[in-house]
Amino acid sequence: MLPGRAEVVVIGGGVVGVSTAFHLAEAGVDVLLLERDELGEGSTSRAAGGVRAQFSDPVNIELGQRSLSAFEDFARRPGGEIDLKQFGYLFLLSDPEDVTTFERSVRLQNEFGVPSRMLTVAEACELSSYVVPDGLLAAAFSPTDGHCTPEAVVQGYAQAARQHGALLRRHCPVTGIEVTGGEITAVHTDFGSVETSTVVCAAGAWSASVGEFAGVKLPVRPLRRQVLVTEPVPDLPPRLPFTIDFSTSFYFHDEGPGLLIGMSDPDEEYGFRLNTDDRWLGRLADTLARRAPRLADIGVAHGWAGLYEVTPDHNALVGEAAGPSRFLYATGFSGHGFLQGPAIGEVMRDLVLGQPPVVDVTGLDVRRFADAGVRPEHNCV
Ligand SMILES: Cc1cc2nc3c(=O)[nH]c(=O)nc-3n(C[C@H](O)[C@H](O)[C@H](O)COP(=O)(O)OP(=O)(O)OC[C@H]3O[C@@H](n4cnc5c(N)ncnc54)[C@H](O)[C@@H]3O)c2cc1C
């Protein structure tokens, strides 16, 4: 059953939507979240779970750092066990230009209190013992980065949002947004309409179509990414950092008794495909044999595919549309939306309430594309 009216309707029940619903409900707002599938069934449950503050753009450093604090405090607020492992993120660098850029980023991160630092190749290989030094020049490391369980984060926020009075409706696709005289008046679903004046679009890779419902252009495109999980690895190091070979985007971290492994596929084309296939495996095997040869013979247990929600400059879209009034959006995280979920929920609460947001997200406004004011994020994988 849908309510006849809600103060705010959040569209999408991934990490961004449930965090937004939680922070709004906690602030006393009457909020309804509509998810067309199960909570977290979009990109969030398919994420590698990496959480970090090592970015090149100040706004991403702040969002990442603030979210890390929230993940550390998750058991208390909103509540729930998320299996946070702060074993660090290790970026392996083999291109002199990347070394210069990472040195600059580390200085910037340190200004924000992030304890990141540059490492020698020997130090990097000691921290991530599967890595061989060939071709590497340096590495960047931050010990407070790590990974946690996306489904648990979604359930933690969802449960606490409900406790604060939010309504979360699953299997309820939004099919339209009614706008009259430049103002939102209702949201339409397969199960009826809900009167509202305020919508938050948190629809991830599907945000462009939700924006269209209200006549708002959100340049977000879906791009499939595949990951696999290995069989148990003998002698898995106890504190293995989330390790990324930056020039190839090959990465791995511990996942139960095995490893979660991923890498981008430069031949992948934009689209909503979610099947897994073998096309990327040849390139992955070559990279793995070169960078972490001891892992080459480990068997694969299973794998999956999910969608990155990509914008033209690989930076998020967060803000309020110029029109219709009270259409807000938080989307297009381009591969780092899970780790920003907690802080973005706070930001969306503030934007809805018309108060200065906890992090200044002015630069993430979608109008930057019209103004040619793109702000590329360098530390993407
Ligand atoms: C393989 C892979 C690895 C990743 N690894 C990481 C990582 O390590 N760290 C990191 O930070 N990020 C990672 N990401 C990215 C991360 O998963 C996303 O950025 C993040 O989950 C986005 O969250 P979201 O809530 O915006 O979107 P989603 O989780 O996709 O949620 C959007 C929801 O909106 C719903 N929806 C869409 N349209 C409608 C509609 N019309 N009506 C109702 N509901 C609708 C969808 O069903 C969906 O559940 C990874 C992604 C992939 C694919």
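One is the number of the first residue; the rest follow in order along the sequence. Counting starts at 1 for both ligands and their atoms, following the listed order.
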With a 3.5 Å distance limit and no angle check, can you tell me whether [X] reaches the backbone of [Y] through a side-chain donor-acceptor pair?
X: Ser67; Y: Gln65; value: no
X: Asp286; Y: Arg290; value: no
X: Thr311; Y: His314; value: yes
X: Arg273; Y: Glu269; value: yes

Within-cut-off N or O pair, [X] and ligand 1, under 3.5 Å:
X: Ala330; answer: no
X: Ile11; answer: no
X: Ser43; answer: yes
X: Tyr308; answer: no
X: Glu309; answer: yes
X: Val210; answer: no
X: Glu38; answer: no
X: Val227; answer: no
X: Ala48; answer: yes
X: Tyr89; answer: no

Enumerate the residue pairs fulfilling ring pair (Phe, Tyr, Trp, His ring centres under 6.0 Å) with a member in residues 56-81, sequence neighbours excluded, ordered by first and then second residue. Phe71-Phe338, Phe74-Tyr157
Sub-4.0 Å atoms of ligand 1 with respect to non-hydrogen atoms of [X]:
X: Gly13; answer: 33 (C)
X: Arg46; answer: 1 (C), 2 (C), 3 (C), 52 (C)
X: Ala203; answer: 32 (C), 34 (O), 37 (C), 38 (N)
X: Leu339; answer: 10 (C), 11 (O)
X: Gly49; answer: 7 (C), 8 (O)
X: Leu34; answer: 43 (C), 44 (N)
X: Gly306; answer: 53 (C)
X: Leu307; answer: 53 (C)

Among all protein heavy atoms, pick out the one at the shortest distance from [atom]; state its residue, atom name and that distance to 0.1 Å.
atom: atom 49 (O) of ligand 1; answer: Glu35 OE1, 2.7 Å
atom: atom 34 (O) of ligand 1; answer: Gly12 CA, 3.2 Å
atom: atom 16 (C) of ligand 1; answer: Phe338 N, 3.9 Å
atom: atom 14 (N) of ligand 1; answer: Gly335 O, 3.6 Å
atom: atom 44 (N) of ligand 1; answer: Arg36 N, 3.2 Å
atom: atom 26 (O) of ligand 1; answer: Val16 CG2, 3.4 Å
atom: atom 21 (O) of ligand 1; answer: Thr44 OG1, 3.0 Å
atom: atom 41 (N) of ligand 1; answer: Val174 O, 3.1 Å

Test salt bridge (charged side-chain N to carboxylate O under 4.0 Å, His left out) on Arg77 and Glu26 and set out the steps. CA-CA 11 Å; Arg77 173 177 175 264; Glu26 188 193 43; 2.7 Å; yes
If you round to the nearest 0.5 Å, how far is CD of Glu81 from SG of Cys148? 9.5 Å
Quick one: pull up CZ in Arg52 and CG in Leu90 and give me the separation to the nearest 0.5 Å.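 Nearest 0.5 Å value for the CZ-CG distance: 12.5 Å.
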Member of Arg279, Arg224, Arg283 meeting the salt bridge (Lys or Arg N to Asp or Glu O under 4.0 Å) criterion with Asp267: Arg283
Structural part of Leu39 in contact with ligand 1, heavy atom criterion under 4.0 angstrom: neither
When you measure from the heavy atoms of Gly262 to every atom of ligand 1, does any distance fall below 4.0 Å?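 No, that is not the case, since the closest heavy atom of the residue is not under 4.0 Å from the ligand.
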Determine, using heavy atoms of Thr331 and all atoms of ligand 1, whether some pair is separated by less than 4.0 Å.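 Checking ligand 1 against Thr331, which is what was asked, there is no heavy-atom contact under 4.0 Å.
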Heavy-atom side-chain proximity of [X] to [Y] below 4.5 angstrom:
X: Glu309; Y: Leu223; value: no
X: Leu119; Y: Leu127; value: yes
X: Leu259; Y: His253; value: no

Output field: ring centroids Phe191/His171 closer than 6.0 Å: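 No, the ring centres sit 6.0 Å or more apart.
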So, for Phe87 and Phe242, is the gap between ring centers shorter than 6.0 Å?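 No - the distance between ring centres of Phe87 and Phe242 does not fall below the 6.0 Å cut-off.
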Closest candidate by heavy atom, reference atom 9 (N) of ligand 1, pool Gly40, Gly204, Ser209, Gly50: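 Considering heavy atoms of Gly40, Gly204, Ser209, Gly50, the nearest to atom 9 (N) of ligand 1 sits in Gly50.
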I'd like the name of whichever of Ala202, Gly42, Gly345, Ala205 reaches closest to atom 32 (C) of ligand 1 through any heavy atom.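 Nearest option to atom 32 (C) of ligand 1, by heavy atoms: Ala202.
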Consider only side-chain N and O atoms of Glu123 and Thr120, and report whether a donor and an acceptor are under 3.5 Å apart.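 Yes, a side-chain donor-acceptor pair sits under 3.5 Å.
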Scan side-chain atoms only and decide if Gln54 and Asp145 contain a donor-acceptor pair under the 3.5 Å cut-off.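 Short answer, yes.
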Starting from Leu307, walk the hydrophobic network (Ile, Leu, Val, Met, Phe, Trp, Tyr; side-chain heavy atoms closer than 4.5 Å) and list everyone else you reach, by chain and number.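 Same cluster as Leu307: Trp206, Phe272, Leu274.
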What closest approach, in Å, do Phe141 and Pro241 show between heavy atoms, and which atom pair accounts for it? CE1-CB, 4.0 Å
